[in-house]
S.K.: 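One structure, as C-alpha cells, below. Some questions next.
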Amino acid sequence: MKRLLIVTGGGDCPGLNAVIRAIVHRASKERHWEVLGSIQAFNGILWEPSEVVVLNTKKVAGIHFQGGTIIETTNKGGPFSWPVKDKNGNWKTIDRSDEMIRKLQAMHIDAVINIGGDGSQQISEKLFKKGLNIIGVPKTIDNDLSSTDFTFGFQTAVQIATEAVDKLVTTAASHNRVFVLEVMGRDAGWIALNAAVAGGAEVCLIPEIPYDIQKVKAALEKRFTFDRGFAVVVVSEGAFPKGGEVVSENSKEAGYENRILGGIAQQLIVDLKEVGFKHGMRETVLGHLQRGGVPIAYDRVLAAQFGVKAFEMALAGDFGKMVSYQHPDFVAVPLKKAIAKPNLIGKNSTLVKTARGLGICLGN
Ligand code: F6P
C-alpha cells in the first residue's frame, strides 16, 4: 500500500475542495494507494498528536462545489518557521522541517501534494531539497504564480469582483457619485484589471503601475458635466501612488509574516479630496468575499485537471515539480522555476492595451 498526503496551505481559495476530490477519485482508480489529508497545512503533522484524516471517495462526495477546504488551511508558521515563545514570552520561529520529514517517514507517507500559493510552493521546494517526495499545485485568487496560465480560484474572484462593479455602477449612476472598489491583489493587479475591463470601470489602479493622483482626478472629472455623472474606480489592495507606499499594517498574530493590506480605497478618497476633487465619493472593500463560496464552473474544471495531473505525477514519481496549466495542457514544471518570479501584469501586455483602448485610466 502506498500513502499520499494532501496539504492545503496559505489563504483559502475557491476550488481547493475540487482539487482534493479529483486527487482522491484518480487515486481510487489505482489498487494500492491510500490518500490522507493533513489538517491546517503541515500543522496536522507538526502537532502532537498529529491530525490527519483519511480521504476516500465517500469523504469527498459532493465537495467539488464547496468553498474553503475540508482539511483546513493556515498562512501562519509552517515547518521552517514554527512559532514558539522564548523565555521572555516573545514569539520567535524555529525550523522543524527535519523533524517533520522524520514524522512523515514514520507515517509511511510516500508522496505529498502541497496545494498552495507562492509561500507554500517555496516550502515545497525547500522540503524537496531535503529529500521529500513532493508535488505542488498552484493556488491563489491573486493569479500571481508564474509558470502557469492561471491558478484556480482566480476566475471566481474576478466574477465576484465584476458583480460588485455591476452593482456599484447602478448606485453610482443613481446618485451621481464616484465609487471606489478595493479588491484583493497584493503584488499583482489581475483581479482588479479583469474586473475593471469586464465591468466597464473608468479607472483601474494596480500595483504594477504606480498612479498619479492628478491623472486619476482628471479622468474622473471628465465623467461629470454640470455636476452630473458617475464613475467606478477599481483598485488593488496593493496599489500605491508614484513615490508613495502600499497602505498596510503589521499583523500581531503569532507566526503571520505578511503585512495586512487594506485601506487604499479610503486613502484614495482622502487624496482626491485633497487635490480638489469635489464630487461625492464612497468606498467599498470587497475583502474575503472574493475568497469564499462556490467556485465557478471554469475553476472547478481547472481544479479537477490540476488534481488528476498531480496524482499522475505522484504515480510516475515526478517529484520536485508543480503542476502547470499551459493551455490546453497540464504539464510538470520544476518548483524552482515556478517560484523564481511572480506573475505580474506586463505594462505593455495586451490586457493593459485593451484597458487603455477601452478608455480606462490606469493612473499614469
Ligand atoms: O494571497 C491571496 C490574498 O487573498 C491576498 O490578496 C491578500 O492580501 C491575502 O490573501 C489576505 O490573506 P489573509 O487575510 O487570509 O491573511
Side-chain angles (χ1 to χ4, degrees), residues 7-16 19 40-41 43 67-69 71-78 81 83 91 93 114-124 136-146 148 150-162 164 181-196 204-208 234-240 245-267 284-293 295-296 299 302-303 322 338-339 341-345:
V7 173
T8 53
D12 71 340
C13 179
L16 276 168
V19 180
Q40 269 188 35
N43 287 357
T69 158
I71 52 174
E72 301 177 27
T73 187
T74 180
N75 47 16
K76 293 187 239 170
S81 51
W91 287 102
T93 58
N114 189 13
I115 313 170
D118 176 51
S120 303
Q121 300 317 338
Q122 297 199 14
I123 292 174
S124 300
V137 173
K139 166 250 54 156
T140 161
I141 63 161
D142 289 1
N143 198 41
D144 57 1
L145 261 165
S146 57
T148 185
F150 289 119
T151 51
F152 67 88
F154 163 64
Q155 300 288 0
T156 301
V158 170
Q159 184 66 30
I160 293 167
T162 303
L181 174 68
E182 180 176 315
V183 299
M184 280 187 170
R186 293 186 87 80
D187 306 304
W190 293 107
I191 298 176
L193 194 50
N194 277 275
C204 180
L205 306 176
I206 58 176
E208 292 90 336
V234 184
V235 56
S236 301
E237 59 182 355
F240 57 95
E245 279 179 12
V246 171
V247 183
S248 69
E249 61 177 20
N250 259 332
S251 160
K252 299 203 172 44
E253 297 166 48
Y256 188 91
E257 282 165 6
N258 284 334
R259 286 183 69 77
I260 299 181
L261 268 55
I264 182 66
Q266 200 179 17
Q267 187 59 49
T284 299
V285 180
L286 211 46
H288 292 76
L289 286 175
Q290 293 158 98
R291 287 211 328 226
I296 60 169
D299 277 334
L302 206 56
M322 186 186 86
I339 57 171
K341 58 179 174 62
N343 175 29
L344 304 179
I345 299 177

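Note that ligands are numbered from 1 as they come in the structure, with each ligand's atoms numbered from 1 the same way. What you see below is based on every heavy atom in this structure, not just the backbone, and it leaves out hydrogens, waters and symmetry mates.
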S.K.: Val183 versus Val235: any side-chain heavy-atom pair under 4.5 Å?
M.R.: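 Heavy-atom side-chain distance check fails, nothing below 4.5 Å.
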
S.K.: Just jot down the ligand 1 atoms closer than 4.0 angstrom to any heavy atom of Tyr256, in number order.
M.R.: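 Here the atoms of ligand 1 in question are 12 (O), 13 (P), 16 (O).
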
S.K.: Given side chains that start at C-beta, do those of Leu16 and Lys139 come closer than 4.5 Å, heavy atoms only?
M.R.: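 The answer is yes; the side chains approach within 4.5 Å.
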
S.K.: Does ligand 1 have a heavy atom under 4.0 Å from the side chain of Asn75, from its backbone, from both, or from neither?
M.R.: side chain

S.K.: Any idea which protein heavy atom is nearest atom 14 (O) of ligand 1, and the distance to it?
M.R.: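 Going atom by atom, the protein heavy atom closest to atom 14 (O) of ligand 1 ends up being His288 NE2, 2.8 Å.
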
S.K.: Check for me whether Asp142 has a heavy atom closer than 4.0 Å to any atom of ligand 1.
M.R.: yes

S.K.: What residue and heavy atom of the protein are closest to atom 4 (O) of ligand 1, and at what distance?
M.R.: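 Closest protein heavy atom to atom 4 (O) of ligand 1: Met184 SD, 2.9 Å.
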
S.K.: Without hydrogens or angle criteria, can the side chains of Asn114 and Ser120 be said to hold a donor-acceptor pair below 3.5 Å?
M.R.: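 Distance-only check fails for Asn114 and Ser120.
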
S.K.: For Gly185, take its heavy atoms, then give the atoms of ligand 1 lying under 4.0 Å from any of them.
M.R.: 6 (O)

S.K.: Starting at CZ of Phe154, measure out to CG of Asp144 and round the result to the nearest 0.5 Å.
M.R.: 10.5 Å

S.K.: Distance under 4.0 Å to a non-hydrogen atom of Arg291: what atoms of ligand 1 satisfy this?
M.R.: 3 (C), 4 (O), 9 (C), 10 (O), 11 (C), 12 (O), 13 (P), 15 (O)

S.K.: Name the closest protein heavy atom to atom 6 (O) of ligand 1, giving the residue it belongs to and the distance to 0.1 Å.
M.R.: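 Going atom by atom, the protein heavy atom closest to atom 6 (O) of ligand 1 ends up being Glu237 OE2, 2.7 Å.
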
S.K.: How about Thr93 and Ser81: does a side-chain donor come under 3.5 Å of a side-chain acceptor?
M.R.: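 Short answer, no.
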
S.K.: At under 4.0 Å between heavy atoms, is it the side chain or the backbone of Gln290 that contacts ligand 1, or both, or neither?
M.R.: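 It is neither; nothing of Gln290 touches ligand 1.
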
S.K.: If I compare all heavy atoms of Ile264 with all of Glu182, which pair ends up nearest, and what's the gap?
M.R.: N-OE1, 3.1 Å

S.K.: Would you call Arg259 and Glu249 a salt bridge, taking side-chain N to carboxylate O under 4.0 Å as the test?
M.R.: no

